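See structure below.
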Amino acid sequence: QVQLVESGGGLVQPGGSLRLSCAASATIFSNYVMGWYRQAPGNERELVAVIRNSGSTNYADSVKGRFSISRDSAKKTVYLQMNSLKPEDTAVYYCNARYIDYQLWGQGTQVTVSS
């Protein structure tokens, strides 16, 4: 059974919004640094945002000011709120959990921004 379950992807018009969710096990959520990556066909997978247990965050320059990552301890879920979406945001988005040298990946959820 997968340990990271993603949802929330879909088709949205430019300027629209989507919220991605990544549900994790209690162990993963409590001890791992959580983040979101994305990958368009033929491109390298790139970091979008990360959030640590302390609440500190980092964002790619391309999404800064438009995207927001957050954690919900009650639901054991990490969210990525995506606003003012652009066609270049189109990609498969992957939830990521990292602990020292070990990483887990979600199965990916497709986000398509098109008119």
Side-chain angles (χ1 to χ4, degrees):
Q1 188 174 16
V2 297
Q3 295 176 273
L4 301 175
V5 180
E6 302 170 348
S7 62
L11 175 64
V12 64
Q13 295 183 359
S17 298
L18 284 174
R19 189 178 74 164
L20 306 183
S21 299
C22 176
S25 69
T27 299
I28 296 299
F29 189 87
S30 298
N31 299 115
Y32 284 54
V33 176
M34 306 295 297
W36 290 94
Y37 289 70
R38 67 186 182 187
Q39 186 170 25
N43 290 14
E44 293 185 353
R45 188 173 300 181
E46 64 173 343
L47 174 67
V48 176
V50 295
I51 185 166
R52 301 170 181 83
N53 292 63
S54 63
S56 66
T57 58
N58 287 283
Y59 297 92
D61 288 340
S62 59
V63 307
K64 194 171 298 182
R66 301 188 297 119
F67 291 11
S68 179
I69 188 171
S70 61
R71 295 166 58 100
D72 187 324
S73 60
K75 297 182 181 297
K76 306 295 188 292
T77 299
V78 176
Y79 301 98
L80 183 68
Q81 179 66 46
M82 304 184 294
N83 300 322
S84 302
L85 283 162
K86 306 174 181 180
E88 52 262 43
D89 295 318
T90 296
V92 177
Y93 284 71
Y94 296 92
C95 184
N96 169 267
R98 178 178 296 168
Y99 179 72
I100 308 179
D101 295 328
Y102 184 72
Q103 293 187 75
L104 295 172
W105 295 93
Q107 298 302 302
T109 184
Q110 177 71 47
V111 172
T112 302
V113 184
S114 176
S115 59

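No experiment lies behind these values; they were computed from the predicted model shown. Heavy-atom basis, side chains included; hydrogens, waters and symmetry copies ignored.
- Counting heavy atoms from C-beta outward, Val92 and Arg45 have side chains that stay 4.5 Å or more apart.
- Under the 4.5 Å side-chain heavy-atom criterion for Ile, Leu, Val, Met, Phe, Trp and Tyr, Leu47 and Trp36 are members of distinct hydrophobic clusters.
- For the salt bridge (Lys or Arg N to Asp or Glu O under 4.0 Å) test, no residue two or more places apart in sequence or in another chain qualifies with Arg98.
- For the pair Trp105/Cys95, no side-chain contact is recorded, criterion being any heavy-atom separation below 4.5 Å from C-beta on.
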Might you work through the side chain to side chain contact (heavy atoms under 4.5 Å, CB included) test for Thr90 and Gln110, ending with a clear yes or no? CA-CA 8 Å; Thr90 296; Gln110 177 71 47; 4.0 Å; yes
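- Annotation for Met34 and Ala97: closest pair SD-CB, 3.6 Å, computed over non-hydrogen atoms.
- Taking all atoms of both residues into account, the shortest heavy-atom contact from Ser115 to Pro14 is N-CD, 3.7 Å.
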N/O donor-acceptor pairs under 3.5 Å from side chains in residues 57-65, not counting sequence neighbours:
unit_1	atom_1	unit_2	atom_2	d
Tyr59	OH	Ile69	N	2.9
Asp61	OD1	Lys64	NZ	3.4
Ser62	OG	Arg38	NH2	3.4

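- For the side-chain hydrogen bond (donor to acceptor under 3.5 Å, both in side chains) test, no residue two or more places apart in sequence or in another chain qualifies with Asn31.
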For residues 18-25, which side-chain donor-acceptor pairs fall under 3.5 Å, sequence neighbours excluded?
unit_1	atom_1	unit_2	atom_2	d
Ser25	OG	Ile28	N	3.3

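- The distance from the OG1 atom of Thr109 to the OH atom of Tyr94 is 10.0 Å, given to the nearest 0.5 Å.
- Considering all non-hydrogen atoms of both residues, Phe29 and Asp72 come closest at CZ-O, 3.5 Å.
- Residues meeting the side chain to side chain contact (heavy atoms under 4.5 Å, CB included) test with Gln13, sequence neighbours left out: none.
- Atom OG1 in Thr112 sits 11.0 Å away from atom CG in Asp89 (nearest 0.5 Å).
- Considering CG of Asn53 and OG of Ser73, their distance stands at 10.5 Å, rounded to 0.5 Å.
- Atoms CG and CD, from Leu4 and Gln107 in turn, are 9.0 Å apart once rounded to the nearest 0.5 Å.
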Under 3.5 Å, which donor-acceptor pairs do the side chains of residues 78-85 form with other protein atoms, sequence neighbours left out?
unit_1	atom_1	unit_2	atom_2	d
Gln81	NE2	Asn83	OD1	3.0
Asn83	OD1	Ser17	OG	2.9

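- Around atom CD of Glu44, no more than 12 heavy atoms belonging to other residues, nucleotides or ligands sit under 6.0 Å away.
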